[in-house]
**Q** 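Before I ask anything, let me first share the structure, which is written out below as C-alpha cells.
Since the structure is predicted, the reported quantities are computational estimates derived from the model, not experimental observations. Numbered from 1 within each chain, the chains take letters A, B, ... in sequence-line order.
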Amino acid sequence: MHAFAYARPATLAEALTLLEKHGPDARLLAGGTDLIVGLRQGAIRPAILIDLKRVAELRHVIDEVDGRIAISATAVMAEIENDDRVGRHFPALVEAAHVVGSVQIRNRATLAGNICNGSPAADTAPPLLVYGAVVVVAGLKGTRRVPIDDFIVGSHQVALERGELVTAIELPLPDRRLGAAYLRLTRRHGTDLASITLCCAVDEAGTTRLAYGSVGPRALLFIDESGVLADPGAPAEAKEAILERVFAEARPSPRSIRASPEYRRAMLRVLGARALRSAIERLAGG
Amino acid sequence: MNGDRVGASPHRVGGRERVTGQQQYVADIRLDDVLHVKLVTLDCARARIVSIDTTAAEQVPGVRLVMTAAGLPQPVPRFGPQFSDRPVLAVGETKYHGEPVAAVAAETKDAAEEGARLVRVDHDELPAVFTIAAALDPAAPLVQDPEIRPTDPRAGTNVLREHRFGWGDVDAAASSADVIVENTYQFPMVTHFAIEPHGFMVAPDGGGIACWSSIQHPYLLQKMLARILGLPLAKVRVFAPDPGGGFGGKQNPKLEPLLAFIALRTGRPVRLILTLDETFQSVRRTSAEIRVRTGFHADGTLAFQDIASDFLIGAYVDIADRVVSKGSYLAAGPYRVPAARIVARAILSHTTPATAFRGFGNPQVNWARESNIDEGARVLGIDHLEIRLRNLARHGEAFVPGDTPADGDWVQTVRKAAEMIGWRTPLAPGRGRGLAVGLKSGPTTGLSYSTVRLLADGSVLVYSGTSDMGQGARTIFAQIAAEELGVPLDRISVVSGDTSVVPYDQQTSASRSSVLMGTAVLFACRDIQEQVRAMAARLHGLDEANIVVERGMVRLPDRETPIVDVLRSGLGRLGGELIGNGTMRKEEDPGHPLGGTAAFFEFNCTASEVEVDEGTGEVTLVRHVTVGDVGRALNPLQVVGQDEGAAIMGLGHTLMEQIILDETGRIRNLGAIDYRIPTSKDLPLELRSASVENADGPGPYGVKGVSEGALLCVAPAVAAAVTEATGVVIRDLPLTPERVWRALAERPGPAEVSR
Amino acid sequence: MVDTLPIAVTVNGRRRTLEVAVHHTLLDVLRDQLGLTGTKECCVVGECGACTVLVDGSAVNSCLVLAVEADGAEVTTVEGLATDGRLSPLQNAFLEKGAAQCGFCIPGQLMAAQALLAQNPHPTLTDVHEGLAGNLCRCAGYQQITEAVMAAAEAAVR
C-alpha cells in the first residue's frame with residue numbers, strides 16, 4: 001500500500017473543511033472494507049484518508065425520528081442486522097446486510113460505504129431502492145436529502161459533489177403493510193460477490209416495488225401499481241409479461257468472469273419470480 | 001499410555017503451537033539486518049523484454065539492489081526437477097503471466113514495493129498459446145527453446161512428451177465389444193491456494209548460504225542450490241519450517257536461487273514473502289482434455305479402455321511431465337481390463353508452470369474414466385455400483401499385467417461406501433446419487449533416513465526430514481517411537497526442517513511418509529532395540545538369543561522390563577545415549593515404465609447424494625461419503641482429517657474452482673476475491689469418511705499412504721449424482737451453477753424424449 | 001514521506017504506545033512492530049480470515065483495518081487466548097478434535113470462534129458455519145473445526 005496522510009476529524013465541520021480542502025485527493029474512510037482493498041490493489045491512490053468514525057455527529061448509529069429510521073454513516077452491517085426496528089420494518093434490508101461478506105466484514109462495512117462505493121453489485125442497494133431510502137448529504141453549504149434512486153448514478157458513481165459526504169441514510173417507516181424479500185445469486189454457498197441482487201416488496205394496496213442490481217452500471221427500481229404482480233391469484237403469464245418488461249432494462253456485462261449475460265438474464269427471471277412469491281407469502285403471513 | 005501408541009489419536013505434535021500462535025512459519029521467522037525483496041512482473045503473459053530501466057527504483061530511499069537477469073551469472077542459470085529450463089529471472093522474454101523479470105531489495109517492505117513499482121520494463125507482447133488447441137497448431141509459437149532438449153524430435157513442437165502405456169489388443173477387443181462409449185472430458189486449471197503464501201529467505205552463512213523456505217522437499221532444494229551456486233552440499237543449509245499447507249505446490253524450488261544471488265551480491269540476509277496473488281502465479285494443477293473410449297460386454301464387464309489425454313502444462317516443465325506420465329499410467333483404473341491403450345501428452349503453453357498437486361494427474365483421468373464407465377452403465381442399464389463390482393480387480397490380481405497386483409480388498413471398500421450412502425435406499429424426488437472409485441500409484445522410488453536417539457533419561461529425539469505440512473507426519477513418527485521404545489509422547493521430540501542436522505529424505509510427496517519415513521523411523525527404533533538387547537544380555541549375563549525386545553519391553557526368560565529401565569542400568573553413572581539409524585530404500589526399476597513399481601496403491605470409493613436447483617443450476621450436496629483402503633490407520637483422527645480435507649478440496653474443482661485467463665493469457669481471477677474455494681458453508685450437509693483396515697500395506701503395522709485418495713474421484717461421483725437428479729450429462733468441470741443451468745436449458749424436452 | 005502517528009492500544013491486556021505509519025494496517029503492526037506473528041497474512045483483501053483478531057470484542061480482518069484506526073481500542077490476538085500458559089477451552093477443543101492441521105488458518109479460526117461464542121454461547125451447527133464462513137481452511141478441516149467450536153460451547157455449559 002502506498003503512503004498517504006490520515007485525518008481523524010472530531011466534528012462534522014472539521015471533516016467537511018478537510019474534504020473541501022483536499023477535494024479529489026481525499027478519500028473518506030468509514031469501514032474501509034472496500035477502500036483498503038482499492039488501496040492495496042493500487043486502484044486508487046489518494047493523498048489523504050479522512051476517517052469519519054470519530055465524528056461526533058455521526059456517533060448516533062441507528063435512530064428513529066419523525067417517522068423514519070436514520071442509519072448513520074458509521075453504522076455497520078452487523079448493527080443493522082441486529083437492530084430490532086430495522087428488522088421489524090425493513091426485513092429485506094436485514095437480509096441483504098446479512099450477506100455482505102463474512103462476519104468480519106459485516107463488523108466493519110458500513111451501509112453508507114456500501115452505497116457510496118457505488119458497486120453495481122452492492123447488496124444493500126436493491127432493498128434501499130425498494131424501501132424508498134433517502135440519503136442525507138452534508139456539505140459546508142448545508143445539508144440536502146437525496147432519494148436513493150437519484151443518489152446512485154452509475155458504476156462507482158454517486159451524486160456527491162466536491163466537499164460533500166453522506167451523514168446518514170434514512171428509511172421512511174412504511175405506511176402500509178409490506179411483504180418483502182431479498183435474494184441473490186452467487187457462485188458458492190459461502191460468502192461471495194453476487195452476480196444478481198434482487199429485492200421485491202408488495203404492499204396491501206397491491207403495489208409492487210422491485211429492484212435489482214449486478215446486471216448493469218447501477219441497481220434499478222421498478223414500481224408496478226397495476227396490482228397484477230402483487231395479486232396472489234393473477235395468472236403466471238400476466239406476471240411474467242410484466243417481469244419481462246422490468247428485466248428488459250438489465251445490461252449485464254459481457255466481460256464479467258462471474259456470470260454470462262445470458263445466465264444473468266435468465267436468473268433475473270428465476271429470482272424475480274421467487275422473490276415475488278416470497279414477498280406475497282410474507283405479506284399474507286403478516 | 002496406550003493413547004500415545006499406534007492406532008490411537010493423541011494430540012497432534014505441534015498442535016499446541018498451532019492453537020497458540022507460536023508455530024513459526026517461514027514468514028514468522030525474523031532475521032537481523034534483513035533486506036526485503038519485491039518482484040517485478042509484467043501484466044501480460046508472453047513478452048519480449050526490450051530494456052529494463054532501474055534508475056528511478058534505485059533512487060527510492062532504502063533500495064539497495066535492483067537485480068535483473070543482467071546482474072546474474074551468464075548464461076543465467078536454469079533449474080527444474082525434470083528439465084533445467086526455468087531461468088532464475090526471465091531472460092529476453094517472459095513466458096507466463098507473472099514471471100519475474102527483476103527484483104528489488106530494500107531496507108523496508110514499503111521501499112521494496114515502491115522500487116518495484118518504479119522499475120520500467122520496456123516490452124512488446126508476443127503471440128502466445130494458452131490452450132491445448134492453440135499450442136498444437138503447427139504455426140504456434142514455441143514455448144520452450146528447442147535447445148533445452150536438443151536431441152528430441154519433438155523439440156520443434158509444443159508437445160514436450162508423449163507417453164504410451166497399455167496391454168492387449170485394443171482393436172481386436174473392440175470388434176468383440178457389445179457396446180462402445182466414447183466421450184471427451186475437460187478438467188479445469190486450478191491452483192493450490194495453500195493459506196500460507198510461499199515464502200523464502202536466504203542469508204550468507206560462513207562461506208556458504210542458509211536458506212529458509214516453506215518447502216516440501218528441502219533436500220532437493222539443497223541439491224539444486226548447491227549445483228547452481230557451485231557450493232558443496234555441506235555449505236548449503238536449508239531450513240524448512242512446517243509449510244502452512246503444501247498440497248504439492250511447495251514441492252519444488254522456485255525463487256530460492258534468485259534470493260541466493262541477491263543475498264550473495266548484497267552480503268545481507270534477504271526475505272521474500274509472496275502475496276497470495278503471486279502465489280497463484282507460481283503454481284497450478286495441469287488442466288486436461290481426456291478422450292475415453294470404453295468397450296463393454298453386454299454383462300457390463302470391460303472389453304477395453306482406449307484413453308488419450310492431453311495435459312496442458314505451463315511455460316516451464318517443473319514436475320508436470322511426470323504428473324502426466326504417472327497420472328496416466330493407471331488410467332484404465334482398478335479394473336480387470338483385457339486390453340488397454342493409453343496415450344498421454346504433456347503440452348507446453350504460456351501459462352503458470354503446472355506442478356504437483358494432490359492426486360498428481362490422477363484426479364483428471366479418474367474423472368474421465370469413471371464418468372465414461374457411468375455412461376456405459378446407462379447404455380447397458382446396469383447399476384453404477386454393480387458395474388464396478390463386476391469389474392474391480394480382486395486382492396492379489398495383477399490388474400496391470402506384469403505389474404504390482406492389487407494390494408487391497410477394493411470390493412470391501414466399495415461395498416462400505418455404498419452402504420454408508422444408502423445406495424439401495426429410495427431417493428427423494430429431485431435428488432440423485434453417484435458413486436465412483438479412484439486409484440493412484442504411491443511412490444515408485446524412495447529414500448528416507450532417520451536417526452533416533454534414546455537419551456539417558458529415557459526421552460527420545462526422532463530425526464526425520466519429512467515436512468509436516470498438516471498431514472501430521474511428526475505425530476505418526478512419534479507414535480511409532482512411542483510404540484517401539486515404550487516412551488510416552490510427551491517425552492518424544494521430532495526434529496525436522498534442517499538439512500544440516502537431520503539426515504536425508506528424498507521428498508515429502510505421494511502420500512509416502514508414513515510408509516517410507518515411517519519405516520526408516522521404525523528401523524531406527526529397532527536398531528536401538530538391538531542395542532538394548534545387547535545391553536540387557538551384558539547386564540544379566542544372558543545370551544542375546546534369550547532376550548526379546550519389542551514394543552517398548554525387554555523380555556527376559558523370567559520377566560520383562562521396560563526398555564528405559566534397561567537403558568538406565570546399562571548406561572550407568574556416566575550416562576550417554578543410544579543412537580539408532582534406519583534407512584528405507586525403494587530402488588528404481590529401470591524396466592518399469594514409471595522407473596519403479598508402486599510402493600502401494602491409494603484406492604478410494606466416493607459416493608455422493610445431491611439436490612439440484614433446476615431454476616438456478618445450484619448443486620447442494622446432501623450427503624457425501626468417502627472410504628479409503630488405508631491398510632492401517634496409525635492415527636485415526638488424522639486419517640479422518642486427510643480424507644475429509646481431500647474430499648472437500650475435491651469439491652472445489654468439482655463445483656467452483658477454475659483459473660480464468662483472458663485472451664492475452666492474463667489470469668483474470670487472481671487472488672481470493674474471484675477464485676472461489678469451499679468455505680464452511682459449502683460443506684455437504686452430511687460428510688462421512690471411513691477406512692478399510694486390513695493391515696495389508698507395506699509400511700509399519702501394515703499402513704498405506706492416505707492423503708490423496710479422497711480427492712481422486714469426487715468429481716465423477718458428484719457429476720453422476722447430478723446426472724441422476726436431472727438427466728443431463730456434463731463432461732466439463734467445474735459444475736458451476738451456470739454450467740449446470742446451461743445443460744438443463746439444453747436438455748431435450750419431454751416431448752422429444754417420447755418421440 | 002511516510003506519515004506516522006502515535007497510537008495507544010491495549011493488546012492482549014497490555015497497554016502499548018506506538019508510533020505507526022498511517023498506511024500500515026493493524027496486521028502489519030501486530031506482526032512487524034509487536035512481533036505478534038500468530039496473526040497470519042494471506043489474501044490481504046478480507047476474504048480468507050487468516051488475520052482475524054478481536055477489536056473491542058468484534059472479529060475483524062486486521063488486513064482491512066489501519067493501525068491508526070485501532071487507536072484507543074482493545075485488541076485480542078491468538079496469543080491472548082491462553083492464560084498463564086493454560087489453554088482456553090476453545091484451544092483445548094481444537095487440539096482434542098484435531099481441528100488444526102497445517103495450522104496456518106487456525107489463529108483466525110480461533111478468533112472468529114471466540115467472537116461467535118462470546119455473542120452466541122449456544123450456537124447451532126448453522127450458526128458455526130455462518131460464523132466461520134469468512135475463514136478459509138484449505139486443509140478443509142471444517143468439520144473438525146466446527147466440532148471443536150460446538151464442543152467448547154458445550155464444555156462452557158457444563
**Q** Between A:Arg40 and B:Thr275, does a side chain to side chain contact (heavy atoms under 4.5 Å, CB included) hold up when you go through it step by step?
**A** CA-CA 11 Å; A:Arg40 187 85 75 176; B:Thr275 64; over 6 Å; no
**Q** What is the minimum heavy-atom distance between A:Thr191 and B:Arg676, and which atoms define it?
**A** O-NH2, 3.2 Å
**Q** What do the steps show when you test A:Val270 against B:Asp613 for side chain to side chain contact (heavy atoms under 4.5 Å, CB included), and what is the final call?
**A** CA-CA 11 Å; A:Val270 172; B:Asp613 181 332; 5.6 Å; no
**Q** Identify the heavy atoms of A:Thr186 and B:Pro737 that sit nearest to each other, and give their distance.
**A** O-CG, 4.1 Å
**Q** Quick check: closest heavy atoms across A:Glu262 and B:Trp741, and the distance to 0.1 Å?
**A** O-CH2, 4.0 Å
**Q** Please state whether the side chain, the backbone, both or neither of A:Ser102 comes within less than 4.5 Å of a heavy atom of chain B.
**A** neither
**Q** How far apart are the closest heavy atoms of A:Gly190 and B:Lys681, and which atoms are they?
**A** CA-CB, 3.8 Å
**Q** Hey, which of B:Glu113, B:Arg117, B:Lys109, B:Glu114 has the most heavy atom pairs under 4.5 Å with chain A?
**A** B:Arg117
**Q** Ignoring hydrogens, what is the shortest heavy-atom contact between A:Arg258 and B:Asp674? Give both atom names and the distance.
**A** NE-OD1, 2.7 Å
**Q** Give, as side chain, backbone, both or neither, the part of B:Thr616 having an atom under 4.5 angstrom from any heavy atom of chain A.
**A** both
**Q** Calculate, to the nearest 0.5 Å, the distance between atoms CG and CD belonging to B:Leu670 and A:Gln41 respectively.
**A** 9.5 Å
**Q** Donor-acceptor check, side chain of A:Arg188 to backbone of B:Ile677, threshold 3.5 angstrom: yes or no?
**A** yes
**Q** Taking all atoms of both residues into account, what is the closest heavy-atom pair of B:Glu618 and A:Leu185, and its distance?
**A** OE1-CD1, 4.3 Å
**Q** With a 4.5 angstrom heavy-atom cut-off, could you sort out which part of A:Arg255 is near chain B: side chain, backbone, both or neither?
**A** both
**Q** Could you please spell out the steps behind the side chain to side chain contact (heavy atoms under 4.5 Å, CB included) verdict for A:Ser195 and B:Glu738?
**A** CA-CA 11 Å; A:Ser195 27; B:Glu738 177 163 353; over 6 Å; no
